[in-house]
Participant: 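I'd like to ask some things about the structure below.
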Amino acid sequence: NIQGFIFDLDGVLTDTAEWHYRAWQQLADEEHLPFDRQANEALRGVSRRESLLLIVGSHAYSELELQKMMDRKNRYYVESIQTITDKDVLPGALNLLAEIRQAGIKIAIGSASKNAKTVIEKLGLADHVDAIADGYSVEHPKPAPDLFLYAAHQLGLDPAHCVVVEDAAAGIAAAIAGGMWTIGLGPADRVDSADIVLPNLMGIHLADLQTKLSR
Ligand code: BG6
Ligand code: MG
């Protein structure tokens, strides 16, 4: 039985995955590095450094240049999230969070982002969750299970009693590696290893998820 839900943030509770993509696209264009929406799929849920390394590929950059590019991408991203409000919580998310809390089930956010706390505050979600694991919490990023294990630990729960909600292949892999249940959001080819695959959280109720996971 499920005792805790761990939600990814970017692309699950809000549409910041699009802002991450646009910030990387701007950086890649300025650096004349080939990049597009298709290439961005591999970056979904992936840490800032790993994302940049995927974009630069075999091009030689010094550590200082990499640092400067990460800072630049983050400036573009931070600028784009300034206007986020509670209206930017994706459809269905708030209702599901309320149902989960109502049922006495714990809730954490498990995000690779170092900007997660800012985004959570702007969305007005801080009071809806019991714990936050973000880009500062652990050393090894998704697909390592560390971030979600940290979140489960924060909730005081056995990972086997937790379900992770993710939009990224790296996140589903991380949750499976951590021995957790998985709900994948988005096209099936991206999250097809999840226990449940849904297009998004619109109209999704806790009871339906519990039924599907107990089968
Ligand atoms: C993840 C996003 O949540 O956080 C990735 O899905 C992003 O796109 C990663 O690269 C790191 O975010 P940040 O804000 O620390 O650069
Ligand atoms: Mg995500």
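A quick note: this is a predicted structure, and the numbers were derived from the prediction, not measured. We use all heavy atoms of the structure for the numbers below, so side chains are in, but hydrogens, waters and symmetry mates are not. Note that the numbering runs from 1 along the sequence shown for the chain. In listed order, ligands and their atoms are each counted from 1.
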Participant: Given D10, V46, L43, which has its nearest heavy atom closest to atom 7 (C) of ligand 1?
Facilitator: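 The nearest heavy atom belongs to V46.
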Participant: How far apart are the C-alpha atoms of N115 and D10, what are their side-chain angles, what is the distance that settles it, and do they pass the side chain to side chain donor-acceptor pair (under 3.5 Å) test?
Facilitator: CA-CA 10 Å; N115 296 293; D10 299 317; over 6 Å; no
Participant: Is the shortest distance from a Lys or Arg side-chain nitrogen in E139 or R49 to a carboxylate oxygen in the other one below 4.0 Å?
Facilitator: no
Participant: Which residue and non-hydrogen atom of the protein lie closest to atom 8 (O) of ligand 1, and at what distance in Å?
Facilitator: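 Protein heavy atom with the smallest distance to atom 8 (O) of ligand 1: H20 CG, 3.5 Å.
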Participant: Check each atom of ligand 1 against the heavy atoms of S111 and keep those under 4.0 Å away; list them by number with element.
Facilitator: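 Heavy-atom distances to S111 below 4.0 Å select 3 (O).
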Participant: Just checking, any donor-acceptor pair under 3.5 angstrom between side chains of S111 and D134?
Facilitator: no
Participant: Testing the basics here: between I183 and L198, what is the closest heavy-atom pair and its distance to 0.1 Å?
Facilitator: CG2-CD1, 3.9 Å
Participant: Using 0.5 Å steps for rounding, measure from the OG1 atom of T182 to the CD1 atom of I176.
Facilitator: 5.0 Å
Participant: Taking only heavy atoms of K114 into account, list the atoms of ligand 1 that are under 4.0 Å away from them.
Facilitator: 13 (P), 14 (O), 15 (O)
Participant: With respect to the Mg ion (ligand 2), what is the nearest N, O or S atom of D8?
Facilitator: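 Nearest N/O/S atom of D8: OD2.
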Participant: Do the rings of H20 and Y77 sit parallel, tilted or perpendicular, given the 30° and 60° boundaries?
Facilitator: parallel
Participant: If the threshold is 4.0 Å, N to carboxylate O, is there a salt bridge linking E65 and K68?
Facilitator: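 Salt bridge flag = no for K68 with E65.
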Participant: Within rounding of 10°, what is the angle whose vertex is the Mg ion (ligand 2) and whose arms end at OD1 of D167 and O of D10?
Facilitator: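 Approximately 100° at the metal, rounded to tens of degrees.
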Participant: Non-hydrogen atoms of G135 versus ligand 1: any pair closer than 4.0 Å?
Facilitator: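 Checking ligand 1 against G135, which is what was asked, there is no heavy-atom contact under 4.0 Å.
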Participant: I'd like to know if L9 contacts ligand 1, where contact means a heavy-atom distance under 4.0 Å to any ligand atom.
Facilitator: no
Participant: Under 4.0 Å from a heavy atom of S51: which atoms of ligand 1 are those, numbered in the order shown and with their elements?
Facilitator: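 Numbered from 1, ligand 1 contributes 10 (O).
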Participant: Is R48 close to ligand 1, meaning an N/O of one under 3.5 Å from an N/O of the other?
Facilitator: yes
Participant: Closest by any non-hydrogen atom to atom 11 (C) of ligand 1: pick that one out of A170, S113, G11, A168.
Facilitator: S113
Participant: If you look only at pairs with a residue in residues 80-98, which of them pass as a salt bridge (Lys or Arg N to Asp or Glu O under 4.0 Å), with sequence neighbours excluded?
Facilitator: none
Participant: Could you identify the single nearest non-hydrogen protein atom to atom 6 (O) of ligand 1 and state the distance to 0.1 Å?
Facilitator: G45 N, 3.0 Å
Participant: Does the distance from a Lys or Arg side-chain N to an Asp or Glu carboxylate O, for R22 and E18, drop under 4.0 Å?
Facilitator: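 E18 and R22: salt-bridged.
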Participant: May I ask you to list the atoms of ligand 1 that are less than 4.0 angstrom from any heavy atom of N115?
Facilitator: 13 (P), 14 (O)
